[in-house]
Structure formats: C-alpha cells, structure tokens
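A short write-up of the structure that comes next.
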2 protein chains.
Amino acid sequence: MAELTPTEPARAAADAVRVVVVDDDALVRASLRMILGGDPRLEVVAECADGAEAVTVVQRLRPDVVLMDVRMPRVDGLTALRSLAAAGSPARVIVLTTFDADELVLRALREGAAGFLLKDTPPAQLVDGIHRVAAGEPILSPTVTAQLIASVAKPEDAERRAAALRALEPLTPRERDVAIAVAEGLSNQEIGERLYLGVATVKTHVAHLFAKLGVANRVQIARLVHDAGLG
Amino acid sequence: MAELTPTEPARAAADAVRVVVVDDDALVRASLRMILGGDPRLEVVAECADGAEAVTVVQRLRPDVVLMDVRMPRVDGLTALRSLAAAGSPARVIVLTTFDADELVLRALREGAAGFLLKDTPPAQLVDGIHRVAAGEPILSPTVTAQLIASVAKPEDAERRAAALRALEPLTPRERDVAIAVAEGLSNQEIGERLYLGVATVKTHVAHLFAKLGVANRVQIARLVHDAGLG
DNA sequence: GACCCGCTCCGCCCAAAGGTGGACCCGGCG
DNA sequence: CGCCGGGTCCACCTTTGGGCGGAGCGGGTC
C-alpha cells in the first residue's frame, strides 16, 4: 500500500476516474463534488467556473471525464468543448444542463460530447454515467435520447423524401439518369458526353422531366432529386 | 400462437407490465421468458415466432411492450413494427437484434421503435429497460446510442456544411438573398419581382455569385446553398 | 476631397436552355 | 401483323441564362 499524501482526499482509489467539474455556480459545484465524493472510484481533481478556465485546466490535468455546464460567463460550455476537441484533448466531456434545449443537444453531440445529462439526474445515475463514459460508452438522459431519436426520425423529413420519390417514380430509367446529372449541375452538353447522347436527346429527356415532375427549370429538378436522397 | 393462460404464471403482479415476445428462435423465446419471469412486475402474455403473427396477436392482446426480433421468416420485425404503427397500436416496441447493423437502427427508430437493444444486454438491464420503455422512456444499447450520435454528428456532413458556409461567407447580403432565391428554382425574372430588382441587377448578382463561388451555373449555386443548410 | 465598395441598372452579344413537332429504331403485346 | 412506348435524334424557334463593359448613387474610409 502506498502512503497517501496529506493534501489529497484519502478516499480516492488509486485507479479512480479523474473528473473536472465546470460550472459557474459554486453551489452546483459543491453539490456535484459531494455526490461524486461518495464514490471512492471517482476523484474530482479540479473545479472551474467558466469555459476558458476549463480549457487550460483540462489540458494541464488531463482528466478522464469533464462535467461541463453549458451556460457560463465568458466562454460557454459548447465553445470550451469545441476548443478541447480542436486541441485533441482525450478527455471525455459530459454536458450538463438544466433544460433540454433541442438545439443544444445536437450541437453538443456534434462538437464531440460523450454524454448529455440533465441536472435533475439522480446522483446514483450521474455517478454511474461518469463510469460508463470513462469506459467509452455514450450516456444520455432519457429526454435527450428521445430528442435525438426525434431528430433522426423527423416525420416531416420522411414525408418530403417520400413525396420526392413518388414524383421520381414514374420516370423511365434513362430519364432518371438525366435527372441525376442535371442535379449535379451539368449542362446538357456535359450530360450528353457522360451518357453518350446527343444534346438533342438530352433536351428531349429534360423536357419530359419538366412535364412529368411538374417543374419549370433544372434547379427544381435538382431539388427533387436531392430530396429523394439521390444526390 | 403459444398464448398463455393467465393461470400459469401465478407470480405476475396485477399491475404488471404486459409483454409480448417475438422471435423465431424457440430457445431465445424461452430464455427471454425465463429472464422476464424473474420479475413479478413483468408478465409475458404471448410469444410469437414471426412478424405476421405478432401483428395480429399484439392487436388482440394490447400488451404494453413488445420485444421484437428483426430477422424472422415471412414478415421481419421492422415490417411488423411499421404495420403496428400504421394500425395505431399503442404498444411500445423494443427491437432486439444480435448485431448492431447501423442501417437497421435508423430504420427501426424511424418506424417508431421505442427502444433498440442488443441481445447481449445483461438480463437486469433488459428488465430495467422494459420498465423504462413502459414508462415512456426510450431505451437504447450503448453501441446503438453511439451509432445514433454518429449519424447526427457525421463529420463528413459537417465538413460539407462548413465548406459551403465558408464559400457563402464572403457574399454581400444582397448576393445571399439572390443565391437563396436561385436555390429555390426561381428565374431571374421572378427573383427580380421578389426582391424588387430589375432583371439586369439580378443578373449582375448572379454573375458575382458564379465568380465568388467558383461555379458555372445556377444548379451548382443551389447545391451550395442547400449544403449550407439555407434551403 | 478622392477613393472603394455595395447596390442598382443599362445595353449588347452569344450560348444554353426550353418549347414544338416530327422522325426512326426496337422490343413487347394483343 | 399493327400498335405502343421507350429511347434516340433532328430542325426550328423563343426565352432565358450568362459574359462583358459601363454607369450612377450612397456610405464609409483615408
């Protein structure tokens, strides 16, 4: 057994997950520290009150996990998250927020957050989540998961796609070829070269496309093709 | 078939979550029944061996939760899921699969799955997941969550968007207006009417767009505008 | 003041796109 | 067989798009 240095919390295990807590509210920090302190396999190695501080501290201390608030003065959590990702920090960041703003969730995950928890998460689940994140698992609050699912399900999106596919369905194979080429921004001349057709033939197909799709110009053909997911 | 008479499992609580198990493998069904049987607050009210059976059984028994395998003879799990959703069934469906095929995950969630678990999920978590789903929470296996996050994060997607935004950034406000109108498939004439401009002015702006964006025709302007997310 | 820049508009010209009508080949079908 | 539809191509025409140069106006800067 190694002797413990007197300055360190005696209860942290040697292989504890090292955590940095970032929140502008001292009460929240204290509360989190108390929750995490209950688990000897977690060690809070630092607290920060804003994003700028967090970036420098995390780069120096190299913690395993960062609990990051979103709303903070000076530099907000998402910006800090981006900075860390850009700097190649291996720390896994759990974003904490009081409200589950849809937009925030997607942005945070795009910026590389490993987790997204609401502040009303029960202490036991928070502790569990930190361990999971440290182990490489992603961890999301249920409402966040639901939002994420909704964002990929998007019934309105599916409808547009379905409508576009329906519109493109009566096209002949050749017309489809031409439609796709049009959607790529090629001229009739270029389309002819790609498909080994005369310009006149391409024009004929494009004319049919206008009629069948009920549109007036090639940009609108491109819109349909893209909506159908063929671009 | 294999509908169970309520007399058999005497242990199910009166307010138990009613579950239907759907899997073509009898061993898997038996195993699931054993796992769920360990919790008196769960009641397996029926087992089905394929999707077609599942649809009729679920509509008749109206269970709270359905554990649905994906790969099954005759009617697969996703098709059954769609049928149930189309029929307005309130049953919450957890899709079970051995492998975490990316494509399957997105399809299942789009079809309205309330959860997506891998078959290697520990029994305790499976039971917990069923209760959560019954309570209205979504429930995903960690690897599935990771896939979902990856599908919204899509670095390649973000890059394209960022590149498009970068390309559009040096445009003047007016040019941006014109670019968006072009992307909607309007003619120069129509753009002029919308923005109270002469056709000549619109042409000037469009010419500037070609130069600044490095493209040769309006379809390609439309592509950029869409990639930037302004469409 | 001179200057640059964004915005507006003009005219001229040519190329490309789009509209119309017709032609031929070929393969499937009644 | 004749008929039809997809695919290929043509000619002719009008409209639109796109290239080029020029110009005036307002606001901001040096």
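We name chains A, B, ... by the order of the sequence lines, and we start the count at 1 in each one.
- Applying the 4.0 Å criterion to OP1 and OP2 of dC9(C), one finds that Thr201(B) has a side-chain N or O inside that range.
- As rounded to whole Å, 14 Å separates atom C1' of dT8(C) from atom CG of Asp177(B).
- At the heavy-atom level, Ala207(A) lies nowhere under 4.0 Å from the strands shown.
- Under the side chain to side chain donor-acceptor pair (under 3.5 Å) criterion, Gln147(B) pairs with Asp100(B), sequence neighbours left out.
- Atom CZ in Arg218(B) sits roughly 16 Å away from atom P in dA16(C) (whole-Å rounding).
- A straight line from CG of Asn217(A) to C1' of dA16(C) spans 14 Å, rounded to a whole angstrom.
- In this structure, Leu209(B) atom CG and dC7(C) atom C1' are separated by 13 Å, rounded to whole Å.
- Rounded to whole Å, the distance from NZ on Lys203(A) to P on dT20(C) is 13 Å.
- One can place NE2 of His208(A) at 11 Å from C1' of dT20(C), the figure rounded to the nearest angstrom.
- Distances shorter than 4.0 Å separate none of the side-chain N or O atoms of His205(B) from OP1 or OP2 on dC7(C).
- The closest donor-acceptor contact from the side chain of Arg132(A) to the backbone of Pro142(B) lies at 3.5 Å or more, if one exists at all.
- Per the geometry, NZ belonging to Lys212(B) stands 11 Å off P belonging to dC5(C), to the nearest Å.
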> Passes side chain to side chain contact (heavy atoms under 4.5 Å, CB included), Val95(A) versus Leu117(A)? Steps please.
Replying inline: CA-CA 6 Å; Val95(A) 175; Leu117(A) 296 180; over 6 Å; no
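- At most 12 non-hydrogen atoms from other residues, nucleotides or ligands lie less than 6.0 angstrom from CZ of Arg107(A).
- Nearer to the 5' terminus of DNA chain C, by closest-nucleotide assignment, is the contact made by Glu175(B) (compared with the other of Glu175(B) and Val199(B)).
- You won't find any donor-acceptor pair under 3.5 Å spanning the side chain of Thr172(B) and the base of dC7(C), going by distance alone.
- Heavy-atom contacts from other residues, nucleotides or ligands closer than 6.0 Å to CZ of Arg176(A) number more than 12.
- Between Lys119(A) and Asp23(A) there is a salt bridge, with a side-chain nitrogen of the basic residue lying less than 4.0 Å from a carboxylate oxygen of the acidic one.
- Between the Arg161(A) side chain and the Glu156(A) main chain, no donor and acceptor come within less than 3.5 Å of each other.
- Running 5' to 3' along DNA chain D, contacts with non-hydrogen atoms of chain A at under 4.0 Å begin and end at dG6(D) to dC10(D).
- For the pair Asn188(B) CG and dA16(C) C1', the interatomic distance rounds to 13 Å; values are reported in whole Å.
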